[in-house]
Amino acid sequence: MQESELAKQFDPSGIEDKWYEKWMEDKCFKPVPGNKGTFTTLMPPPNVTGKLHMGHALNHTIQDVLVRFKRMQGYETLWVPGQDHAGIATQAKVEQKLYKEEGLTKHDLGRDKFLEKVWEWKNEYGDHIINQVKKLGDSCDWDYFTFTMDEVPSQSVRKFFVDLYNEGLIYQADYIINWDPVLQSAISDAEVEHKEVQGNFYHIHYKVKDSNEVLEIATTRPETLYGDSAVAVNPNDDRYEHLIGKKAIIPICEREVTIIADKHVDMETGTGCLKVTPGHDFNDFEIGKRNDLEIISILNDDGTMNAKAKAVEGLTTKEARKKTVALLKEQELLIKVEPHKHQVGHGQRSDEVVEPRVSKQWFLNTEEMAKRSVAAVENDETKFYPKGWENTYFAYQKNPRPWCLSRQLWWGHQIPVYYCNSESCSNVWASETTPENCPKCSSNEFKQDPDVLDTWFSSGLYPLNTLGWPNEEAMKEKGFDKFYPTSTLTTGFDIIFFWVARMMMMCDKATGKNPFQDVYIHAIVRDIDGKKMSKSLGNVIDPLEMIDQYGCDALRFTLAVSSGYNRNINLDPQKIEGYRNFVNKVWNAFRFIHPYLENASDQGFQVDELHHHEKWILSELNDVIKSVTASFDEYRFDEACSAIYQFVYDKFCSWFIELSKGILNSQNDGLKTQRANVLKYCFREITRLLHPVTPFITEELWQHLKNEDESLLILQTWPEYKTEHSFDKDVHDMNLFMEIVSSIRNLRNSVNVKPKEEVEIRLFTDEVETAKYFYKSRGYFKELARVKAGRIKDKSAERPTRCVMKATTHTEIFMPLEGVIDIEEYKAKLHRDLVKVQKEHEKVEKKLNNPKFAENAPDEVVAEVKEKAAGFKEQINSIEESLKSLD
RNA sequence: GGUCGUAUAGCUCAGUGGGAGAGCACUUCGUUGACAUCGAAGGGGUCGCAAGUUCAAUCCUUGCUACGACCACCA
C-alpha cells in the first residue's frame, strides 16, 4: 500500500482562512429552516474599543461549538453577532487621542463636532476586534451584525424609554448617587468597586452650645464636616439622651446644627455619636430624609471643594482632608487618630475614589420588573447552567434599587426627554422621534436633555433590537417571531447583573416574554497560577498568538475541554500544545487510513459481515456518540471533549488502527471494500463528532472523506446512535484481549525484554469461552504483544517453572525466562502485587463477613462482591504459588 | 458582616452511596512504514479535619479549618 501524500504534520496556518472564507462564501452560517425548530443565540457584543482576549476566545468557542452542534442536528440555527458602543471607554479613548494629537478637549470642539470625531474613530478602528473575532472561526450570521448605536437599537432605546417614562417608571429625581470625579458623571451602583483602603478614624470634638459638654465624634472623612446638617445619637443611648434637641457647633465653620436621635446610629460603633452629612453619604442621606435635614453640597463636579467649605475651597477632597485635620489640631479639637482599614468605593472605569453626591439624575424603578425576572427563573422558564449561579442572580434581583440611568457623557443614546424653553409653558416630555415643536404650546424653542443613557440600557434590549424590534419592517425581515425568545445565552458570571438581569427585566417588560431558555455561565480564564490576566501583571496570554503557534483548533479544543460547570480555567500554554498534538494525531490517523480509501465504495458495509474488531469499534463509536450528544446538551463541554479524545486516541488509534494493520495489508482479503468502508465510516463519524470543536481540520479532512454529491462538513448531519451497531459480546471480548495484551507487555517490560524480541506465552484460564476466544485471537497477540508462540490451558494443568507470571482475575499469564534476570527483584515485584491484591481481598472479605451486609445490601451487590472476592483469592493463590516455586 | 463556592495524584481538574480517575509532569524502555507533536510499561493519593446517618461514606448531614468569589458597610 502506498503512503498518503499528505504532509507528515498538520499545518493549520494555510487552511483556517481558506475554510472560513469558503463557509462565508457558501452562506453556511445562515439559518436554514428545518423540522427541528430554531436555535438562537446572541454573541455578547464586544466593545468597539476592545482587543480580543482569552475571555472572548472562550466565550466564542463555546457558542460556536453549540451553534455548529445544533446546526448539524438540523435546527434552524442563528448566531447573532454585534458590537457595543461602550459609552465611557470609547469617549475616553477619543478624548485622549484628541488631546494628544491636537491638544484639544471635547469642550473646545463642542458636542456635535466631538461626536463626529467619535464616529470617525469608530469607523476607522471599530472593525479591528471584529476581524480578530473571525480568526476564532465563529459561524455567526454576519448579515445580522448589530452595532448598539445603529438605527434599530436607537429606536428600541427610545421606544422603551418613552413607554416607561409615560408609565412613570422612569423619573427624574434629586438623589444621592455615586459621582466619579474623573469622568465627571454619575455612575450606577453596579459600576462601583469596593476596595480595602488603609485610612484613619479621626476623633473630633463638637462643642455643645450653651454647655460645657463636648461630643466626641469619630469619622473617616473629616473634610465632609462642612456639609454636616446634624449630629445624631441613638434614641436609647443614655449617655446622650439629655442632649437631644440641643445644638452642636461644627468645628472650623462654627455652624450650629441640631443633635437628633436616629435609630440608624449604632451605640457600639465609634463613640456612638454620628455626624450627619446628607449631601455626601448614603446612610446620612436616608437619615436626612427621615429627619427633614438640609442637604448641603460641598463638592464641585471635578471633585474639588466648593464655597460651602470655605476653609478648604478649591482643594481636592484629599487635600481638604489634610488641611481640615491640621485646622482641627490647631484648635485642639482633634482628640486622636486611629488607623482604620475600610472599604472605599472606586469607579470601575476610572479607579478613582467615588464621591457620594446629591444630584438630579434619571432613574428607573425596577421593582416590578425585578420581581418578574425572579419568578421567571424560579419557575424554570429560564434555566441557569450551572444552577448555582441562580443565587448570584437572585441576590441582585431580590433587592432591586432604582437604577441610575443618566450619564454626563456625550457618546451614547441621548435621553429622549425634551424641555420647552417657553417660560409660560416649561413643558417636559419624552418622545420617540425628534419633535418639531412643543406638543403643549407649539413653540419650536425646546432643547433635549443633554445626558446620555447608561450603556447597559441599550445592551439590555439587545435580544430584541438585534432581531429588529421595534421596527416592524426590520422584525419581519429578521424573523423576530421565529427567533425570539432566544435559546441559550452564553456569558461570564461577572456580568450576570450588568447584563443578564437587565435583559431579563427589559425584554420581558417590552414583550411579555423572557429572552432566554437557558443561560450558560462559563468560567473566567486565568493564568496558570489562577491570577486574573492583566497587562500590569504581564501574564496575558494572547489568543491570536496561540492560534499562530498551535492553530485555532488546538486553542478551541483546550478551551472547550476546560469548560464544564467550573468557575475558573487556569490556562497553561503547555496544555494548548498538548491538544495541538491531539489534533496532529487525528491528522496522522487519517494519513494512515487515507491510502485505503481508494478501496472504498459508496455502498457502505454489511453488518453481518463485520469483523470482530469492527463490531467492537462500531460499538464504542456508538457509545461515544451517545455520550457526546448528551454532554453537549448539558453544556458539559469537558465531558464531551474528553469522551471524543479518549475514543479517538485510545480506542481508535491505539487499538483499532494497530489491529487493522494486519488485516488491511493482506492482499488476499476478499473483503477489502467492506474493510475500507468501515474504516471510512468510522472516520467520517469522527470528523462529524469533532467538527463543532475543531472545525478547521475536520473540514479539511472531510474533503477526502465526502462522497461526490456531499457538501461541506459544516452542513452535514450530526451522528446518531444506531442499535444495529451495538455489539456487547465483542466489547466484552475485546476488553479481555486488551487486558491480556497489556499484561503481557507489562511482563515483558518487567524483565526488560526488548520490544522487537518475540516471546513465548502460556495462558491459564478456566473460562472455556475465554480460552476459545484467546485461541482465535492468537494472531493479534502476536501483532500487538510480540508473542511468537502461545499455549492456552485450563488451570488444572501444571504451571511451568522458570517463568515470570502475572495473574488477572480470570487468567494467569506465564512467560518463560530467557537469559538471566534478577530473581530477587522479580520476587519483590511479585510481593508488591501480592500485597496489593491481598488488601483488596481483605476489604471485600470483611464486607462479606458482616452479616448485616448480606441482610441489607441488594442481591446484585452481594453477588458482585462475592465474585470479586473469588477473583482476588485466585490471584492471591497463583501469585503465592509462583513465589513458592521460585524459592 | 452576609451569601455562594472550593478542598481528590507533584500541577490542573473530572467523578461516584458498594473494588480511587483523566490530562500534563515524572521514571524505565523503544529509530516497529499513520504519528518522536510518537509508542509501550511504571511509580505516585488515610479523596482538608472531626463527629453523625448507613450493612457500607471520598460521595449524604452537621461542625471546624483553609482558600476563593461576590454582595453590603467610607461613623
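Each chain gets a letter, A, B and so on, in the order the sequences are listed, and its residues count up from 1.
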Students often get this wrong, so: under 4.0 angstrom with heavy atoms, is [X] touching a base, only sugar-phosphate, or nothing?
{"X": "Ser562(A)", "value": "nothing"}
{"X": "His264(A)", "value": "base"}
{"X": "Asp281(A)", "value": "sugar-phosphate"}
{"X": "Val276(A)", "value": "nothing"}
{"X": "Glu867(A)", "value": "nothing"}
{"X": "Lys756(A)", "value": "nothing"}
{"X": "Pro356(A)", "value": "base"}
{"X": "Phe10(A)", "value": "nothing"}
{"X": "Lys843(A)", "value": "sugar-phosphate"}
{"X": "Arg636(A)", "value": "sugar-phosphate"}
{"X": "Glu855(A)", "value": "nothing"}
{"X": "His340(A)", "value": "sugar-phosphate"}
{"X": "Val265(A)", "value": "base"}
{"X": "Asn584(A)", "value": "base"}

If you check the [X] side chain, which of [options] turns out closest?
{"X": "Phe853(A)", "options": "C55(B), C74(B), C13(B)", "value": "C55(B)"}
{"X": "Asn746(A)", "options": "C55(B), A41(B), C35(B)", "value": "A41(B)"}
{"X": "Asn749(A)", "options": "C29(B), A41(B), U12(B)", "value": "A41(B)"}
{"X": "Ala857(A)", "options": "A75(B), G18(B), G19(B)", "value": "G18(B)"}
{"X": "Val344(A)", "options": "A75(B), C74(B), G18(B)", "value": "C74(B)"}
{"X": "Glu355(A)", "options": "C71(B), C74(B), G19(B)", "value": "C74(B)"}
{"X": "Arg745(A)", "options": "A40(B), U37(B), A75(B)", "value": "A40(B)"}
{"X": "Thr219(A)", "options": "G18(B), A34(B), A75(B)", "value": "A75(B)"}
{"X": "Ile657(A)", "options": "C71(B), A34(B), A72(B)", "value": "A34(B)"}
{"X": "Gln574(A)", "options": "C24(B), C35(B), A40(B)", "value": "C24(B)"}

Just to confirm, is there a sub-4.0 Å distance from OP1 or OP2 of [N] to any side-chain nitrogen or oxygen of [X]?
{"X": "Ser742(A)", "N": "A41(B)", "answer": "yes"}
{"X": "Thr220(A)", "N": "A75(B)", "answer": "yes"}
{"X": "Tyr649(A)", "N": "C38(B)", "answer": "yes"}
{"X": "Thr558(A)", "N": "G23(B)", "answer": "no"}
{"X": "Lys575(A)", "N": "U12(B)", "answer": "no"}
{"X": "Asn581(A)", "N": "C38(B)", "answer": "yes"}
{"X": "His194(A)", "N": "C73(B)", "answer": "yes"}
{"X": "Asn283(A)", "N": "C74(B)", "answer": "yes"}

C1' atom, G15(B) versus U8(B): distance in rounded Å?
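Between the two C1' atoms, the distance is 9 Å.
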If we count only N and O atoms by modelled type, under 3.5 Å, do the side chains of Asp228(A) and Thr277(A) hold a donor and an acceptor together?
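Distance-only check passes for Asp228(A) and Thr277(A).
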Is the centre of the Tyr579(A) ring less than 6.0 Å from the centre of the Tyr645(A) ring?
yes
Is there a donor on the side chain of Glu639(A) or the base of A22(B) sitting less than 3.5 Å from an acceptor on the other?
no
So for Lys585(A) and C35(B), does any side-chain atom that can act as donor or acceptor lie under 3.5 Å from a complementary atom in the base?
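Check passes, donor-acceptor contact within cut-off.
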Over how many whole Å does the gap from [X] atom [atom1] to [N] atom [atom2] extend?
{"X": "Arg580(A)", "N": "C35(B)", "atom1": "CZ", "atom2": "P", "result": "16 Å"}
{"X": "Tyr396(A)", "N": "A69(B)", "atom1": "OH", "atom2": "C1'", "result": "10 Å"}
{"X": "Arg526(A)", "N": "C67(B)", "atom1": "CZ", "atom2": "P", "result": "17 Å"}
{"X": "Tyr635(A)", "N": "A14(B)", "atom1": "OH", "atom2": "C1'", "result": "21 Å"}
{"X": "Lys806(A)", "N": "G42(B)", "atom1": "NZ", "atom2": "P", "result": "7 Å"}
{"X": "Glu864(A)", "N": "G17(B)", "atom1": "CD", "atom2": "P", "result": "14 Å"}

Looking at Phe394(A), is Lys398(A) sitting on its ring face, NZ or CZ under 6.0 Å from the six-membered ring centre and within 45 degrees of the normal?
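Here Lys398(A) passes the 6.0 Å and 45° test against Phe394(A).
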Option among Arg321(A), His280(A), Glu355(A), Lys275(A) that satisfies the side-chain hydrogen bond (donor to acceptor under 3.5 Å, both in side chains) test with Thr224(A):
Lys275(A)
Should the pair Phe497(A) and Tyr396(A) be assigned to parallel (<30°), tilted (30 to 60°) or perpendicular (>60°) ring geometry?
parallel
Look at the aromatic rings of Tyr565(A) and Tyr385(A) and report parallel, tilted or perpendicular, splitting at 30° and 60°.
tilted
Approximate separation, where rounding is to 0.5 Å, of Phe592(A) CZ and Ser660(A) OG
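Rounded to the nearest 0.5 Å, the CZ-OG separation comes to 6.0 Å.
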